[in-house]
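What follows is a set of notes on a single structure, which appears directly below.
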Amino acid sequence: MDAVLIDLEQGYRAVTARDARFDGQFILAVRTTGIYCRPSCPAITPKRRNVEFYPTAAAAQQAGYRACRRCLPDAVPGSPEWNLRADLAGRAMRLISDGIVEREGVPGLARRVGYSERHLTRVLTTELGAGPLALARAHRAHSARLLIETTTLPLADVAFAAGFASVRQFNDTIRAVFGVTPTELRMAARRRARGAAPTAGRLTLRLPYRPPFDAAGLLGFLAARAIPGVESVVDDEYARTLSLPHGQGTARLRPADGHVECTLRLTDMRDLGSAVARLRRLLDLDADPGAVDELLSTDPALAPQVAATPGIRLPGCVDAAEIVSRALIGQQITVAAARTALGVLSAALGDPLTTPDGDLTTLFPTPAAIAARGAEVLTGPRRRIATMLEVNAALAAGSLEVHVGADPIELSHALQAFSGVGPWTAGYVQMRVLGATDVLLAGDVALRNGARALGLPSDTDGLTQHARTWQPWRSYAGLHLWRASTPTPRRKS
């Protein structure tokens, strides 16, 4: 597997130009000041001999650097590398961002990616400049900063909510990473907010992205599939319920210039880091749209679509098991019919929110609930119902594991081992759960209709052959083909 390599001259040119496209893709550290920054930091550009580059903030922290308080290098889109890479490092980084180390420790992380702790630590240290504990520490520091700056929680509660084992460890980490105490960090945030105090029980955050950002297309995709009570799209705002490791929550997301405004309500603040990571994946906010659009525009048939829809995004998910059920129900029926069926299922089997939030009232049903009572609710061909029950029973029992750190090939094989699950379903799950950028659902009728409309081969073999020129962005090309197809088409598994 290839390490994350940083071209030193290209990196320094990006820093000199303050090119925001590289924010989140690497870290600049300045030897003379002992701080690390994002490439677009507005501070005076340091001399070339005084800088070094790191692939992650954790690596810079390991080397003794602290975060720049002017450019806030952790408040940028994450690296698109982790979705593009399906190797051990990429899979581990997605799980670390979801807070798996805080919940299950390094042994839990190693078990989920299928390697020993020793091998995992060696690979991450070699490729990312830091082991799993240091990477998790950087994740905790980021979660802590969000809680310090956006809530009124006592700082001792912030420490444990962010995943620290003790208040002392929390204080030491904040001082080491940000160069100030937690109290000073909160006071500075209050000054920037001009005295406005956060609302108890609610957090408002900015989730940055790399422009361009096709917000209208993304909201349209989510609106067409929104399950009543679980999700809604009203006045350019997407909202949904969240089932998180420690409790329930709701999120309201409204696209803005350069960021998505996110309003969160959580029953347990320990879920903040996981919620943010999952919402970023849902909206594909860490994507590099410039790289995607540049390559797809080289195809004359796709170029007009790309020009008309710059910054197209690959919708992800906040709950892997939910996407599996959505894919199973959505096989060979219209989007509208699938939405209706999922609405009936959620109303009958979903747990109610402890505190409803407007039109959000229900959590999507758990695999255990679907396996136990789905036969009472599900309608349609017996084979499809049997597959739905069997897959959810396996998810509930743990014999089928679907999560952001899964190996894409192993996941595909595991899903297709069930009768009634074909390549379309497995590929759709890969795209939405893993954020896989290079999946082409060549058997999809709507996708082939879109290809025909653009003058591309519309047979499975011909389209697959032509799509080789779109690698590694075939998932995004497929979205363009879907857009070019007729409304609410039937899909093929």
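Since the structure is predicted, the reported quantities are computational estimates derived from the model, not experimental observations.
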For Glu231, side-chain contact (heavy atoms from CB on, under 4.5 Å) partners two or more places apart: Ala226, Ile227, Tyr238, Arg240, Arg326

Nearest non-hydrogen partners of Cys37 and Ile35, listed with the distance: SG-CD1, 3.8 Å

Start with the C-alpha distance between Leu135 and Leu124, add both sets of side-chain angles, then the distance that settles side chain to side chain contact (heavy atoms under 4.5 Å, CB included), and finish with yes or no. CA-CA 9 Å; Leu135 291 164; Leu124 293 182; 4.0 Å; yes

Looking only at atom types and distance, does a side-chain atom of Gln169 sit under 3.5 Å from a main-chain N or O of Ala165, one as donor and one as acceptor? yes

Check whether any side-chain heavy atom of Asp268 lies under 4.5 Å from a side-chain heavy atom of Leu244, and answer yes or no. no

With heavy-atom distances below 4.5 Å as the criterion, would you say the side chains of Asp19 and Pro39 are in contact? no

Is a side-chain N or O of Ser475 found less than 3.5 angstrom from the main chain of Met431, in a donor-acceptor match? no

State which residues pass side-chain hydrogen bond (donor to acceptor under 3.5 Å, both in side chains) with Glu184; sequence neighbours excluded, sorted by chain then number. Thr181

Ala144 and Ile174: which non-hydrogen atoms are nearest, and at how many Å? CB-CD1, 3.9 Å

Heavy-atom check, side chain of Leu434 versus side chain of Arg91, under 4.5 Å: no

Would you please say whether a donor-acceptor pair under 3.5 Å links the side chains of Arg168 and Asn171? no

Check side-chain contact (heavy atoms from CB on, under 4.5 Å) between Ala67 and all other residues, then give those that pass, not counting sequence neighbours. Tyr36, Pro73, Val177, Phe178

Main-chain N/O of Ile148 paired to Thr151 side chain as donor or acceptor, under 3.5 Å: no

Rounded to the nearest 0.5 Å, how far does CG of Leu219 lie from CG of Asp235? 11.0 Å

Checking Tyr12 against Gln10: is there a side-chain donor and acceptor pair closer than 3.5 Å? no

Okay, side chain of Ser412, backbone of Pro408: is any donor-acceptor separation there less than 3.5 Å? no

What I'd like to find out is whether the side chain of Val276 reaches to under 4.5 Å of the side chain of Leu205, using heavy atoms alone. yes

If every non-hydrogen atom of Val51 is compared with every non-hydrogen atom of Pro46, which pair is closest and at what distance? CG1-CG, 3.3 Å

Output yes when a side-chain donor or acceptor of Thr437 lies under 3.5 Å from a complementary backbone atom of Pro472, and no otherwise. yes

Please say whether more than 12 non-hydrogen atoms of neighbouring residues, nucleotides or ligands are located less than 6.0 Å from CG in Asp236. no

Just wondering, do Met269 and Leu203 contact through their side chains at under 4.5 Å, heavy atoms? yes

Heavy atoms of Ala58 and Ala134 approach each other most closely as CB-O, 3.6 Å

Dump the intermediate steps for side chain to side chain contact (heavy atoms under 4.5 Å, CB included) on Thr204 and Thr150, then the final yes or no. CA-CA 7 Å; Thr204 300; Thr150 62; over 6 Å; no

Would you check if Leu360 and Val230 make a side-chain contact, meaning some heavy-atom pair closer than 4.5 Å? no

Identify, with sequence neighbours excluded, every residue that meets ring pair (Phe, Tyr, Trp, His ring centres under 6.0 Å) alongside Phe213. Tyr209

Quick check for you: to the nearest 0.5 Å, what is the distance between Leu133 atom CG and Glu117 atom CD? 9.0 Å

4.5 Å side-chain heavy-atom contact, Tyr65 and Thr33: no

All side-chain contact (heavy atoms from CB on, under 4.5 Å) counterparts of Ser274, not counting sequence neighbours: Asp98, Arg103, Pro245, Arg278

Residue list, salt bridge (Lys or Arg N to Asp or Glu O under 4.0 Å) with Asp23, at least two apart or on another chain: Arg38

Just wondering, do Tyr54 and Glu52 contact through their side chains at under 4.5 Å, heavy atoms? yes

With no hydrogens and no angle check, do the side chains of Asp444 and Trp482 hold a donor and an acceptor under 3.5 Å apart? yes

Exercise: identify the closest heavy-atom pair between Phe164 and Ala141: CZ-N, 4.2 Å

If you count heavy atoms of other groups shown closer than 6.0 angstrom to CZ of Arg206, is the number above 12? no

Ring pair (Phe, Tyr, Trp, His ring centres under 6.0 Å) partners of His259, counting only residues at least two apart: none

Could you tell me how the ring of Phe53 sits relative to the ring of Phe26: parallel (under 30°), tilted (30 to 60°) or perpendicular (over 60°)? perpendicular

Enumerate the residue pairs fulfilling salt bridge (charged side-chain N to carboxylate O under 4.0 Å, His left out) with a member in residues 252-261, sequence neighbours excluded, ordered by first and then second residue. Glu237-Arg252, Glu237-Arg254, Arg252-Asp357, Arg252-Asp359

Would the number of heavy atoms belonging to other residues, nucleotides or ligands and lying under 6.0 Å from CD of Glu294 be above 12? no

For residues 307-316, which side-chain donor-acceptor pairs fall under 3.5 Å, sequence neighbours excluded?
| unit_1 | atom_1 | unit_2 | atom_2 | d |
| --- | --- | --- | --- | --- |
| Arg313 | NE | Asp284 | O | 2.9 |
| Arg313 | NH1 | Pro212 | O | 2.9 |
| Arg313 | NH1 | Gly311 | O | 3.2 |
| Arg313 | NH2 | Arg210 | O | 2.9 |

Under 3.5 Å: donor-acceptor pair, side chain of Asp271, backbone of Gly247: yes

Looking at Glu102 and Arg270, is there a salt bridge between them, counting it only when a charged N and a carboxylate O are closer than 4.0 Å? no

Check for a donor-acceptor pair, side chain of Ser458 on one end and backbone N or O of Arg452 on the other, with a separation under 3.5 Å. no

What salt bridge (charged side-chain N to carboxylate O under 4.0 Å, His left out) pairs are there with at least one residue in residues 60-70, not counting sequence neighbours? none

Contacts of Ser297 meeting side-chain contact (heavy atoms from CB on, under 4.5 Å) (sequence neighbours excluded), chain-then-number -> Val306

Is there a donor-acceptor contact under 3.5 Å from the side chain of Arg225 to the main chain of Phe221? yes

When you compare the side chains of Arg122 and His119, does any donor N or O come within less than 3.5 Å of an acceptor on the partner? yes

Residues that Gln465 engages under side-chain hydrogen bond (donor to acceptor under 3.5 Å, both in side chains), provided they are two or more places apart: Arg468

With a 4.0 Å cut-off on N to O distance, would you call Glu401 and Arg111 a salt bridge? yes

Within the side chain of Arg175, is there an N or O that forms a donor-acceptor pair under 3.5 Å with the backbone of Pro182? no

Stepwise side chain to side chain contact (heavy atoms under 4.5 Å, CB included) test for Asp288 and Gln25: CA-CA 10 Å; Asp288 183 357; Gln25 301 199 38; 3.7 Å; yes

Please walk me through it: do Arg186 and Glu149 pass side chain to side chain contact (heavy atoms under 4.5 Å, CB included)? CA-CA 5 Å; Arg186 176 164 279 177; Glu149 295 183 343; over 6 Å; no

If you measure from CZ on Arg280 to CG on Leu283, what distance do you get to the nearest 0.5 Å? 9.0 Å

Taking every non-hydrogen atom, the tightest pair across Arg432 and Ile323: CZ-CD1, 3.6 Å

